[in-house]
*Asks:* 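Can you read through this structure? Questions will come right after.
Along the sequence shown, residues carry numbers from 1.
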Amino acid sequence: MFDSPRITMSRRLRNTPFTSRVLQHGASEFTAYNHMLLPTKFVSLEDDYWHLCSAVQVWDVSVERQVSIQGPDATRLVQWMTPRDVSSVAMDQCVYLPLADENGRLVNDPVGLRLAQDHWWLSIADSDVRLWAKGLATGANMDVVVHEPDVWPLAVQGPAAQTLMMRVFGKQVGDIRFFRYRQLEYRGHRFIVARSGWSKQGGFEIYVDDIALGQSLFDELFEQGVGLDVRAGCPNLIERLESGLLAFGNDMDSRHTVLESSLGHFINLDADIDSLSLPALRQERATGVKRRLVGLLLPAPDGPRTIANNAFAPAGSPVAEVVFSHNDHSHCLCSQAWSPRYRQQMASAMLEEPLASEQVVEVLLADGTRATARLCELPFDFAKLGIKANAQKI
Ligand code: THG
């Protein structure tokens, strides 16, 4: 084993208003995301997982940077960037927006917030959407201002999220529907609060736009959380894979089209909209999707059975040779984690057809042995696959 690299801070890798607080609360690992720090671990992946599924966590997701697009051409530009029809998105609505280029390949997959008729925020995953949006706007002579505002989202996630949020923001929190937002007052300041977040345990995202108030809000969430076992936390790999939430850059990236990334169900290819990627995506539908992001499951009752990945195999390792039985480097293993609830090794993989449509595939494990894994559509439907859950931490 080798140590993980230690990360050097600089002005290129930004702190957030909450970094010192999450460190005090026990953040033990971070990653870089949108040139900013994102906690990835507190106690352990599994301990963090069980806690997220049973209590409530406060997440510093400042890395969900906002790309503000404002002006007479704002909606035109947003529509140009995404193949999803945005014409009927309401003024209090959030919407998941795959962004794609002229080849139908993904640029990012933000949550869009429509703040006004002519004002959008794209709450982005890890890629430089601001530059792409500015380039498109400049090239097409659009009347918009594109910038990254000073906004640092906090997420409150878990089954007790609503109880905690009501204690801090009042009863109106309960009226917010899924993927809708309201402006709620905290110490005289109105924050945008949405029912959203990168887990399926229920929860909210607060778009903090005032550092001092945001920091007191962070502290207050813990003060008001007495009896709720509130902890600081972060997006959890196990939970998000079980829930089928995709991570741009991990499960799919700018090499993959919207259809290859299994995001086709979010868009209507026949919509009468002006969108950069639609012609290419229609063409791809006509000629057939060549590879697909699918799920992979391996029974693992005794703990993780790590599937070997061919990417960056250590020198001399046999791993580079075979990952999947078809011995084809175009098949790529994307994310994997062990599910303590289902006692399965879960993975996402970008597989070429016809392999992607097979039922089983042979994989090489990190310990050198081979195993047969099931292939399925994402998100995993454990019940349909006949896989029973352990409700309890054991
Ligand atoms: N919230 C906000 N910004 C974000 C994320 C977030 N930016 C980065 C990243 N997450 C963007 N990616 C996603 C991916 C999935 C979802 C949200 C953002 C998501 N998907 C639901 C699903 O797939 O079931 C709901 C989608 C829908 O119904 O439209 O929530 O989490 N602010």
*Asks:* Would you say the side chains of S339 and Q344 form a donor-acceptor pair under 3.5 Å?
*Replies:*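 No.
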*Asks:* Does one hydrophobic cluster hold both F18 and W198, with members joined at side-chain heavy-atom distances below 4.5 Å?
*Replies:*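 The answer is yes; both residues are in one hydrophobic cluster.
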*Asks:* With side chain to side chain contact (heavy atoms under 4.5 Å, CB included) as the criterion, how do L37 and M9 come out once you've worked through the C-alpha distance, each side chain's angles and the decisive distance to 0.1 Å?
*Replies:* CA-CA 9 Å; L37 285 178; M9 294 305 299; 3.6 Å; yes
*Asks:* Distance check, rounded to the nearest 0.5 Å: L246 atom CG versus D109 atom CG?
*Replies:*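 That separation rounds to 7.0 Å.
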*Asks:* Checking the side chain of D251 only, and the main-chain atoms of A247 only, is there a donor and an acceptor separated by less than 3.5 Å?
*Replies:*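 At least one qualifying donor-acceptor pair exists.
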*Asks:* Ignoring hydrogens, what is the shortest heavy-atom contact between A125 and Y33? Give both atom names and the distance.
*Replies:*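 Looks like CA-OH, 3.1 Å.
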*Asks:* Between L276 and L122, is there a shared hydrophobic cluster once you connect ILVMFWY residues whose side-chain heavy atoms come closer than 4.5 Å?
*Replies:*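 Linked, L276 and L122 end up in one cluster.
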*Asks:* Mind listing the closest non-hydrogen atom pair of P98 and L106 along with its distance?
*Replies:*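 Nearest pair, atom of P98 first, then L106: CB-CD2, 4.0 Å.
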*Asks:* Do Q157 and Q201 have side chains that get closer than 4.5 Å, going by heavy atoms?
*Replies:*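 When only atoms from C-beta onward are counted, Q201 and Q157 do not touch, as no gap falls below 4.5 Å.
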*Asks:* Quick one: which of E260, E352, E353 gives a side-chain hydrogen bond (donor to acceptor under 3.5 Å, both in side chains) with R292?
*Replies:*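 For R292, the side-chain hydrogen bond (donor to acceptor under 3.5 Å, both in side chains) check succeeds only for E353.
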*Asks:* Would you confirm whether R114, through its side chain, and D92, through its main-chain N or O, come within 3.5 Å as a donor-acceptor pair?
*Replies:*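 Side chain of R114 to backbone of D92: no pair is present.
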*Asks:* From L213 CG over to Y186 OH, what is the distance, rounded to the nearest 0.5 angstrom?
*Replies:*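 Nearest 0.5 Å value for the CG-OH distance: 7.0 Å.
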*Asks:* State whether the side chain of E148 and the backbone N or O of Q66 hold a donor-acceptor pair below 3.5 Å, judged by distance alone.
*Replies:*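 Between the backbone of Q66 and the side chain of E148 there is no qualifying donor-acceptor contact (under 3.5 Å).
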*Asks:* Evaluate the side chain to side chain contact (heavy atoms under 4.5 Å, CB included) criterion for residues F179 and Q93: first the C-alpha distance (whole Å), next the side-chain angles of each, then the deciding distance (0.1 Å), finally the verdict.
*Replies:* CA-CA 6 Å; F179 262 50; Q93 201 175 339; 5.7 Å; no
*Asks:* Of the non-hydrogen atoms in Q345 and A300, which two are nearest, and what is the gap between them?
*Replies:*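 Q345 and A300 have their closest heavy atoms at N-CB, 3.8 Å.
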*Asks:* Counting C-beta onward and ignoring hydrogens, is there a side-chain heavy-atom pair between P235 and V61 closer than 4.5 Å?
*Replies:*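 Answer yes - side chains close enough.
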*Asks:* Looking at D229 and H51, what are the two nearest heavy atoms and their distance?
*Replies:*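 Of all heavy-atom pairs spanning D229 and H51, the closest is O-NE2, 2.7 Å.
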*Asks:* For P149, is there any backbone N or O sitting under 3.5 Å from a side-chain donor or acceptor partner on S68?
*Replies:*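 No, S68 side chain to P149 backbone: no donor-acceptor pair under 3.5 Å.
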*Asks:* Do Q162 and R195 pair up side chain to side chain, a donor and an acceptor below 3.5 Å, judged on atom types alone?
*Replies:*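 Yes, a side-chain donor-acceptor pair sits under 3.5 Å.
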*Asks:* Can you tell me if D126 uses its side chain to pair, donor with acceptor, with the backbone of N34 under 3.5 Å?
*Replies:*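 Judged by distance alone, yes, a pair lies under 3.5 Å.
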*Asks:* Compute whether any side-chain donor of one residue and acceptor of the other, for Q24 and S20, lie under 3.5 angstrom apart.
*Replies:*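 No pair is found: no donor N or O on one side chain lies under 3.5 Å from an acceptor on the other.
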*Asks:* Following the transitive rule for hydrophobic clusters with a side-chain heavy-atom cut-off under 4.5 Å over Ile, Leu, Val, Met, Phe, Trp and Tyr, establish whether M346 and L52 coincide in one cluster.
*Replies:*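 The answer is no; the residues belong to distinct hydrophobic clusters.
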*Asks:* So, N236 side chain and L45 main chain: donor-acceptor pair closer than 3.5 Å or not?
*Replies:*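 Side chain of N236 to backbone of L45, a donor-acceptor pair under 3.5 Å: yes, one is there.
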*Asks:* Please lay out, stage by stage, how D210 and R190 fare under the test salt bridge (Lys or Arg N to Asp or Glu O under 4.0 Å).
*Replies:* CA-CA 10 Å; D210 181 302; R190 285 151 74 86; over 6 Å; no
*Asks:* Determine, stepwise, if the pair L38 / T16 fulfils side chain to side chain contact (heavy atoms under 4.5 Å, CB included).
*Replies:* CA-CA 9 Å; L38 172 66; T16 88; over 6 Å; no
*Asks:* Is there a donor in the side chain of S335 and an acceptor in the side chain of R240, or the other way round, less than 3.5 Å apart?
*Replies:*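 A pair is found: one side chain offers a donor N or O, the other an acceptor, under 3.5 Å apart.
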*Asks:* Decide whether E242 and Y49 meet the rule of one side-chain donor and one side-chain acceptor closer than 3.5 Å.
*Replies:*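 A pair is found: one side chain offers a donor N or O, the other an acceptor, under 3.5 Å apart.
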*Asks:* Please list all pairs meeting ring pair (Phe, Tyr, Trp, His ring centres under 6.0 Å) that have one or both residues in residues 259-307, counting only residues at least two apart or in different chains.
*Replies:*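 Qualifying pairs: Y96-F266.
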*Asks:* Under a plain distance cut-off of 3.5 Å, with no hydrogens placed, do T75 and W120 share a side-chain donor-acceptor pair?
*Replies:*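 Yes, because at least one side-chain N or O of W120 sits under 3.5 Å from a partner of the opposite role on T75.
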*Asks:* Output yes when R180 and D175 qualify as a salt bridge under the 4.0 Å nitrogen-oxygen rule, no when they do not.
*Replies:*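 Salt bridge between R180 and D175, a charged N being under 4.0 Å from a carboxylate O: no.
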*Asks:* Taking atom CD of Q359 as the centre, report whether more than 12 heavy atoms of other residues, nucleotides or ligands fall under 6.0 Å from it.
*Replies:*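 It does not: Q359 CD has 12 such atoms or fewer within range.
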*Asks:* For T372 and E362, what are the C-alpha separation, side-chain angles and deciding distance, and is it a side-chain hydrogen bond (donor to acceptor under 3.5 Å, both in side chains)?
*Replies:* CA-CA 5 Å; T372 302; E362 198 179 314; 5.5 Å; no
*Asks:* To the nearest 0.5 Å, how far apart are CG in N250 and OG1 in T31?
*Replies:*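 Rounded to the nearest 0.5 Å, the CG-OG1 separation comes out at 8.5 Å.
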*Asks:* Does either side chain, that of Y207 or that of E64, offer a donor lying less than 3.5 Å from an acceptor on the other one?
*Replies:*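 Looking only at side-chain atoms, E64 and Y207 do not form any donor-acceptor pair under 3.5 Å.
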*Asks:* Looking at every non-hydrogen atom in both residues, tell me the closest pair between S127 and V107 and how far apart they are.
*Replies:*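 In this case the closest contact between S127 and V107 is OG-O, 2.7 Å.
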*Asks:* Nearest 0.5 Å please: distance from the CD atom of Q224 over to the CZ atom of R167.
*Replies:*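 Rounded to the nearest 0.5 Å, the CD-CZ separation comes to 7.5 Å.
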*Asks:* Measure the CG-SG distance between D48 and C234 for me, rounded to the nearest 0.5 Å.
*Replies:*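 With rounding to 0.5 Å, CG (D48) is 5.5 Å from SG (C234).
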*Asks:* Tell me if a side-chain donor or acceptor on T369 pairs with a main-chain N or O of L365 at a distance below 3.5 Å.
*Replies:*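 Such a contact is absent between T369 side chain and L365 backbone.
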*Asks:* Take a 6.0 Å sphere around CG of D272 and say whether it holds more than 12 heavy atoms from other residues, nucleotides or ligands.
*Replies:*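 No, CG of D272 has 12 or fewer neighbouring heavy atoms, counting only those of other groups under 6.0 Å.
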*Asks:* So, do V156 and L164 sit near enough that their side-chain heavy atoms are less than 4.5 Å apart?
*Replies:*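 When only atoms from C-beta onward are counted, L164 and V156 do touch, with a gap below 4.5 Å.
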*Asks:* Hey, any chance L221 and V208 share a hydrophobic cluster, counting ILVMFWY side chains that come within less than 4.5 Å of each other, even indirectly?
*Replies:*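 Looking at the clustering, V208 is in the same group as L221.
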*Asks:* Whether the side chain of R14 engages the backbone of R11 through a donor-acceptor N/O pair (distance < 3.5 Å, no angle test) should be reported.
*Replies:*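 Answer holds: no.
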*Asks:* Are F178 and L113 linked, directly or through intermediate hydrophobic residues, by side-chain heavy-atom contacts shorter than 4.5 Å (ILVMFWY only)?
*Replies:*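 Yes: a chain of side-chain contacts under 4.5 Å links L113 to F178.
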*Asks:* Assess whether side chain to side chain contact (heavy atoms under 4.5 Å, CB included) is satisfied between I211 and W152, documenting all intermediate values.
*Replies:* CA-CA 8 Å; I211 293 183; W152 302 271; 3.5 Å; yes
*Asks:* Would you indicate whether the side-chain heavy atoms of I238 and W338 approach each other to under 4.5 Å?
*Replies:*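 A side-chain contact under 4.5 Å is absent here.
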*Asks:* Counting N and O atoms only, with roles assigned by atom type, does the side chain of S243 sit under 3.5 Å from a partner on the main chain of L245, one being a donor and the other an acceptor?
*Replies:*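 No.
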*Asks:* For the residue pair S216 / E220, report whether a side-chain donor-acceptor contact shorter than 3.5 Å exists.
*Replies:*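 The answer is no; no qualifying pair exists.
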*Asks:* Which heavy-atom pair separates L296 from A373 by the least distance, and what is that distance?
*Replies:*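 Looking at all heavy atoms of both residues, the shortest contact is CD2-CB, 3.4 Å.
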*Asks:* Would you list the pairs meeting ring pair (Phe, Tyr, Trp, His ring centres under 6.0 Å) in which at least one residue belongs to residues 220-257, sequence neighbours left out?
*Replies:*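 Only H25-F222, F218-F222 qualify under ring pair (Phe, Tyr, Trp, His ring centres under 6.0 Å).
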*Asks:* Kindly compute the distance separating CZ (R105) from OG (S261), expressed to the nearest 0.5 Å.
*Replies:*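 If I round to the nearest 0.5 Å, the distance is 10.5 Å.
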*Asks:* Could you tell me if the side chain of L281 sits less than 4.5 Å from the side chain of I267, heavy atoms only?
*Replies:*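 Heavy-atom side-chain distance check passes, below 4.5 Å.
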*Asks:* Are F191 and H189 near enough that their ring centres are under 6.0 Å apart?
*Replies:*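 Ring centres of H189 and F191 closer than 6.0 Å.
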*Asks:* Counting only heavy atoms not in R282 (residues, nucleotides, ligands), do more than 12 fall under 6.0 Å from its CZ?
*Replies:*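 Enclosed.
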*Asks:* Say whether, by atom type as modelled, one donor and one acceptor occur between the side chain of S262 and the main chain of L293 under 3.5 angstrom.
*Replies:*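 Pair found, side chain donor or acceptor close to backbone of L293.
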*Asks:* Quick one: does M81's side chain get under 4.5 Å of W132's, heavy atoms only?
*Replies:*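 SC-SC contact between M81 and W132 confirmed.
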*Asks:* If the threshold is 4.0 Å, N to carboxylate O, is there a salt bridge linking R21 and D219?
*Replies:*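 Salt bridge flag = yes for D219 with R21.
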*Asks:* Does any part of the side chain of N15, heavy atoms only, come nearer than 4.5 Å to the side chain of M36, both counted from C-beta?
*Replies:*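 Result no, sub-4.5 Å side-chain heavy-atom pair not found.
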*Asks:* In the structure I gave you, are the side-chain heavy atoms of C53 and R341 within less than 4.5 Å of one another anywhere?
*Replies:*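 Yes. Closest side-chain heavy atoms under 4.5 Å.
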